[in-house]
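See structure below.
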Amino acid sequence: MVSPSDVCIILTATIFVNLDKVGLVQKNAEERRKIYMKRTMQSLENTKFKIVLVENSGANMNELSNALEIYKDRFEIVSYCERDLEDAKYLKNDRSKGCSELFAIQHSYKVSSFAKESQIICKVTARYFIPDLENYLSEQNLDKYVALAQHDP
């Protein structure tokens with residue numbers, strides 16, 4: 001069985017959205033910021049997982065500076081501006097927010113020590129907190145899975 005210390009949750013966030021992306025629902029940066037901060041804190045306060053918050057629009061995350069200190073043994077922020085990264089230039093005219101999200105996951109894995117040292121990586125959109133995720137994962141024999149998806153057990 002898996003221990004919470006073996007799990008890294010990558011929370012994906014974009015505060016300043018690219019309005020050319022298809023399928024955007026919430027476009028207001030302040031609303032997005034508020035929900036990301038709230039859900040990130042819920043994840044930190046209610047789980048023992050390593051948490052990597054990856055934000056790809058270059059937004060300042062100062063609201064979480066205290067959390068970075070309190071949870072320094074299991075919380076980090078990966079913040080970058082997608083349009084400024086050479087590795088992400090291929091996304092410039094891509095209208096899929098999913099492609100940007102996949103890049104964010106890959107980028108955070110490359111630069112995050114918590115992600116690299118974890119046995120299990122879970123990607124969760126930073127708008128959500130999954131209250132029972134820790135219990136669910138602890139009850140699963142994860143050795144028999146390569147991946148789990150929300151709607152496909």
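What's counted below: heavy atoms across the whole structure, side chains too, no hydrogens, waters or symmetry copies.
Applying the salt bridge (charged side-chain N to carboxylate O under 4.0 Å, His left out) test to every pair with at least one member in residues 97-125, sequence neighbours left out, gives these pairs: K50-E117, D87-K110, E101-K123.
E76 places a side-chain N or O within donor-acceptor distance of the main-chain N or O of F114, the cut-off being under 3.5 Å. Between the E134 side chain and the L137 main chain, no donor and acceptor come within less than 3.5 Å of each other. Remark: the backbone N or O of I15 is not paired with any side-chain donor or acceptor of R33 at under 3.5 angstrom. Judged purely by atom type and a 3.5 angstrom limit, S138 uses its side chain to pair as donor or acceptor with the backbone of N135. Of the possible donor and acceptor atoms, none in the side chain of S112 sits under 3.5 Å from a partner among the backbone N and O of Y109. A distance-only check finds no donor-acceptor pair linking the side chain of Y136 to the backbone of P131 [under 3.5 Å]. Between the E55 side chain and the S57 main chain, a donor and an acceptor come within less than 3.5 Å of each other. Between the R127 side chain and the R39 main chain, no donor and acceptor come within less than 3.5 Å of each other. A donor-acceptor contact shorter than 3.5 Å is absent between the side chain of R32 and the backbone of A13.
Around atom NZ of K89, more than 12 heavy atoms belonging to other residues, nucleotides or ligands sit under 6.0 Å away.
Two different hydrophobic clusters hold I105 and M61 under the rule that ILVMFWY side chains link at heavy-atom gaps under 4.5 Å. Both F103 and I121 belong to a common hydrophobic cluster when Ile, Leu, Val, Met, Phe, Trp and Tyr are linked at side-chain heavy-atom distances under 4.5 angstrom.
Considering only heavy atoms from C-beta on, L133 comes within 4.5 Å of I9 through its side chain. Under the 4.5 Å side-chain criterion, counting only non-hydrogen atoms from C-beta, F75 is in contact with T40.
Here V17 is tied into one hydrophobic group with L19, L24, each link being a pair of ILVMFWY side chains closer than 4.5 Å.
No salt bridge links K34 with E31; every basic N to acidic carboxylate O contact stays at or beyond 4.0 Å.
Shown here are the side-chain contact (heavy atoms from CB on, under 4.5 Å) partners of S96, two or more places apart in sequence or in another chain: D94, C99.
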